[in-house]
Amino acid sequence: MKKRIISVLLCVVFIAGLLPLTAVESNNVNAEEAVYGDRIMYGGTAVDIGEDTIVSSEGALWRIERSGEKVFLAEAEAKYLNYYENEIWFASGDKIIKCGVDCREFTTVCELESEIKCLYVDNEGFLYLRGDTVYRNSGGREEPLLVREGIDGFVPEGDGKIRWIRRNPDYEYTEESGDEIFSDGNDEFFEYISQENSGEEGDTAASAREYGVETASSEEDYNGPYVQVGEARLPLAEHMPGTFFSKNGQACVCHHTSSTYCIQSVGNCNCMRYYPTGYKETCEIDLLGAQCFAFARMVFWKCFGFIDHSMNQSLYYSAGSLSSGAVTANSVKALMMKSAPGAHVRLAAGHSVSVLTYDEDFIVIYHGNAGGDGVISQPCIVSTRRYTWEQWANACAKGILYVNMPYSYPNSELIVVKKEVGYYKLKSNLNLRAEANTMAESLCVIPNGEVISVTEVDGFWGKASYGEFEGWVLLEYASFYSRLEINPSSTLFTLGDDGFLLGTAWNLSFDAFCEHFDKQSLTAKSKNGEDLTAKGYIGTGSIITLEVNGELIDSAVVCLAGDINGNGLLDVGDYILARRAYMQTYTPSETEAKAADVSGSGSVDIYDYLLIKRYFFTESAELFSGFGKQAEGEDSASGGK
């Protein structure tokens with residue numbers, strides 16, 4: 001296989017500096033990966049240290065071991081825990097304190113004038129919130145970055161942007177196990193994105209726009225796992241990924257998160273409550289809800305014969321919950337492994353999902369009203385979604401309210417599905433055989449946990465190499481890990497032979513971007529080398545890599561139609577650059593010129609910037625249908641006409 005490894009050396013250089021009152025020695029820890037995330041914005045009361053988790057609760061620090069044993073470490077009022085440079089850092093009132101992972105010796109790094117919230121530690125110092133102001137503290141000097149009345153938490157987004165939250169004064173908690181219609185739009189917090197040192201008039205709501213619909217509505221189009229739960233097989237044949245959970249099988253036109261009309265008046269809109277006909281007089285069951293909440297209840301009913309609500313409280317239980325800030329890869333994995341296929345998981349972020357399956361490395365969920373592997377997010381859409389445990393922890397950062405399971409659980413089993421080429425992780429020691437049958441000679445034994453590359457499939461057997469041997473392994477004893485190369489599963493992205501990943505979708509976080517790439521272990525960095533997996537938008541010039549066990553397998557450079565400045569958006573700045581490129585007052589790079597050539601003519605011309613301008617009035621990606629389809633015989637543009 002010819003790999004498109006881009007000859008770009010990504011080298012992030014960290015300048016060693018002084019933290020307030022203490023020196024920090026480098027141990028190759030990536031500060032942004034370690035601390036910048038929603039977990040801290042929502043409390044940060046737990047942090048993973050290898051296979052163990054350090055937790056702050058009841059005025060003390062505890063270590064939760066992999067076995068589940070809880071070990072007392074020390075008394076401490078600790079919030080917003082960070083693990084950086086092999087030490088634990090946290091806020092305690094108006095102090096910033098650090099200690100070793102054994103929590104024996106504590107050092108007060110600095111003391112400030114008021115209570116500290118949302119502490120982030122990196123190689124430049126600290127970021128934190130005091131009162132209504134976000135500060136950067138470097139070398140003991142405070143620099144105000146953002147002032148907003150009522151700010152309750154924040155997370156750095158990179159490129160001088162800060163995402164922050166303010167409590168919704170109208171928020172009312174709705175008892176989700178009761179008979180009331182539950183509102184997915186009943187948000188506890190409003191989220192905004194602001195530029196550092198900007199005025200409030202420049203703030204934008206932190207909600208990503210969604211584009212396109214991917215149809216994968218039949219069993220022939222779906223190649224994920226199936227699970228048999230009693231008489232039900234998940235995913236359900238009538239609700240395959242790409243279909244719509246609604247009255248007429250189409251998206252609900254009045255459905256969006258800033259309005260609860262389709263919840264409160266569900267009888268008058270397209271959202272499904274009375275299943276499966278959509279009408280109370282003819283339905284089989286009233287799901288007592290709508291949208292993702294109703295979908296999870298429908299799956300629960302299909303699997304177990306009833307829905308989880310107040311009339312059936314004696315028939316089900318919750319396997320547990322996690323408070324905001326206490327979610328880590330370890331803690332969420334331990335909780336979810338108490339569940340089983342069909343379980344209803346309610347996230348504090350306002351989303352319900354059903355468990356499909358999981359193993360040591362991944363969890364696969366089945367849900368409505370959201371996108372997933374090969375299916376783009378749309379109102380009422382159904383999909384499955386595979387997460388690593390770290391990705392699932394990020395998705396659950398606000399907490400998990402419950403994981404509902406029936407007391408009487410039917411037998412379940414994973415159904416064998418057609419195998420595909422890609423990387424597999426072994427679930428046990430496995431023979432590498434000379435031929436694809438169990439009677440063939442064993443060439444060697446591949447140890448449990450190894451990741452192998454399967455380049456050919458014959459039934460349930462995969463061709464692979466290990467050491468000096470090449471042979472066949474039985475893939476029923478291995479779990480699919482990743483595809484062999486970067487390969488879009490959505491029509492909104494295409495991959496050219498030149499290594500450019502061309503797209504007509506914007507405002508995409510890393511999580512939303514991955515919805516377009518089924519079963520691929522991707523990472524993303526900006527053109528400046530900044531990690532984009534937890535913050536920021538994927539834009540022109542971003543480097544996408546496929547990595548397996550830390551090894552680089554494939555890479556590509558993102559090029560979004562019209563996104564010339566590389567901020568992941570399509571805005572007026574791009575229009576100005578396109579016009580300047582045409583007027584030859586600006587010379588774009590090869591990547592920028594490719595993004596500017598939205599017409600696909602092979603050069604940046606007047607038609608390109610007029611198309612970009614027209615987009616501002618229509619917001620239709622169809623304007624760029626020629627993007628990437630350059631005229632035969634023409635080279636990529638690298639400058640003006």
Side-chain angles (χ1 to χ4, degrees), residues 1 3-5 51 222-227 241 329-330 332-333 336-337 355-366 372-374 383-395 414-432 436 444-467 469-489 495 510-511 513-524 533 544-556:
M1 180 189 70
K3 298 182 175 61
R4 296 171 299 276
I5 305 299
E51 294 186 347
Y222 174 73
N223 59 3
Y226 288 96
V227 179
N330 287 349
V332 76
K333 180 179 179 180
M336 298 308 299
M337 285 193 165
V355 176
L356 187 59
T357 187
Y358 55 74
D359 58 25
E360 284 293 320
D361 301 298
F362 302 100
I363 180 170
V364 182
I365 57 106
Y366 180 37
D373 299 324
S383 73
T384 58
R385 183 76 183 271
R386 187 183 76 152
Y387 294 88
T388 66
W389 289 111
E390 187 64 44
Q391 290 169 339
W392 184 236
N394 290 335
L414 188 64
I415 299 173
V416 174
V417 295
K418 182 180 178 181
K419 303 302 180 183
E420 58 183 301
V421 297
Y423 289 91
Y424 286 77
K425 186 172 183 178
L426 272 60
K427 295 187 285 189
S428 63
N429 294 340
L430 199 56
N431 287 302
L432 181 69
C444 66
V445 176
I446 306 176
N448 177 28
E450 284 287 311
V451 176
I452 58 173
S453 172
V454 173
T455 56
E456 185 181 338
V457 170
D458 182 2
F460 302 138
W461 291 83
K463 191 174 186 179
S465 298
Y466 188 74
F469 300 105
E470 181 179 68
W472 296 83
V473 294
L474 189 57
L475 297 178
E476 288 309 295
Y477 297 97
S479 58
F480 188 87
Y481 201 79
S482 176
R483 289 186 170 162
L484 293 169
E485 58 185 354
I486 297 173
N487 183 23
S489 53
L495 187 60
F510 175 74
D511 197 43
F513 175 82
C514 286
E515 291 183 2
H516 301 265
F517 297 84
D518 185 14
K519 300 180 182 177
Q520 290 159 70
S521 301
L522 302 181
T523 61
T533 56
I544 306 301
T545 57
L546 189 153
E547 299 181 5
V548 175
N549 271 10
E551 179 184 354
L552 177 64
I553 304 301
D554 198 5
S555 67

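Taking all atoms of both residues into account, the shortest heavy-atom contact from Gly462 to Val454 is CA-CG1, 3.6 Å. Across all their heavy atoms, Ser521 and Ser482 have their closest contact at N-OG, 3.2 Å. For Ala556 against Ile486, the heavy-atom pair with the smallest separation is N-CD1, 3.9 Å. Between Met337 and Tyr358, the shortest heavy-atom distance links the atoms O-OH, 3.3 Å. Minimum heavy-atom separation, Thr357 to Pro225: CG2-CG, 4.0 Å. Residues Gly372 and Ser383 come closest through the heavy atom pair N-OG, 3.3 Å.
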Q: Using the side-chain contact (heavy atoms from CB on, under 4.5 Å) rule, take Ile365 and Tyr387 through it: C-alpha gap first, then chi angles, then the decisive distance, then the call.
A: CA-CA 8 Å; Ile365 57 106; Tyr387 294 88; 3.8 Å; yes
Q: Would you check, one step at a time, whether the test side-chain contact (heavy atoms from CB on, under 4.5 Å) holds for Ile452 with Tyr423?
A: CA-CA 6 Å; Ile452 58 173; Tyr423 289 91; over 6 Å; no
Q: Kindly indicate, with the supporting measurements, whether the criterion side-chain contact (heavy atoms from CB on, under 4.5 Å) is fulfilled by Leu474 and Trp461.
A: CA-CA 5 Å; Leu474 189 57; Trp461 291 83; 3.7 Å; yes
(Q) Walk me through whether Trp472 and Asp458 qualify under side-chain contact (heavy atoms from CB on, under 4.5 Å). (A) CA-CA 9 Å; Trp472 296 83; Asp458 182 2; 3.8 Å; yes
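Shown here are the side-chain contact (heavy atoms from CB on, under 4.5 Å) partners of Asp373, two or more places apart in sequence or in another chain: Arg385, Arg386, Asp518.
When side chains are defined from C-beta on, Leu484 does not count as touching Ile553, because their heavy atoms never get closer than 4.5 Å. In this structure the side chain of Asp361 never reaches within 4.5 angstrom of the side chain of Thr388, judged on heavy atoms.
No side-chain N or O of Thr523 forms a donor-acceptor pair with one of Thr533 less than 3.5 Å apart.
Judged by distance alone, the side chain of Ser489 and the main-chain N or O of His516 form a donor-acceptor pair under 3.5 Å. The closest donor-acceptor contact from the side chain of Glu551 to the backbone of Val548 lies at 3.5 Å or more, if one exists at all. Looking at Gln520, its side chain does come within 3.5 Å of a backbone N or O of Asn487 through a donor-acceptor pair. Here the side chain of Tyr366 pairs no donor or acceptor atom with the backbone of Val355 at under 3.5 angstrom.
A perpendicular orientation is assigned to the rings of Tyr481 and Phe362, their planes being inclined by more than 60° (bins at 30° and 60°).
The pair Glu360-Lys425 fails the salt-bridge criterion, with no side-chain N (NZ, NE, NH1 or NH2) lying under 4.0 Å from an Asp/Glu carboxylate O. At a threshold of 4.0 Å, the pair Asp359-Lys427 does not count as salt-bridged, since none of the basic side-chain nitrogens sits closer than that to a carboxylate oxygen.
Interatomic distance, Trp389 CH2 to Asn394 CG, rounded to the nearest 0.5 Å: 13.5 Å. Taking CD of Glu470 as the reference point, atom OG1 of Thr455 lies at 6.5 Å (rounded to 0.5 Å). Atom OH of Tyr466 is separated from atom CD of Glu450 by 4.0 Å, given to the nearest 0.5 angstrom. Here CG of Leu546 is found 10.5 Å from CD1 of Ile544. Values are rounded to the nearest 0.5 Å. Residue Asn431 holds its CG atom at 10.5 Å from OH of Tyr477, rounded to the nearest 0.5 Å. In this structure, the separation between NZ on Lys419 and CG on Leu475 is 6.5 Å, given to the nearest 0.5 Å.
Judged by the 6.0 Å and 45° rule, Lys519 forms a cation-pi pair with Phe480.
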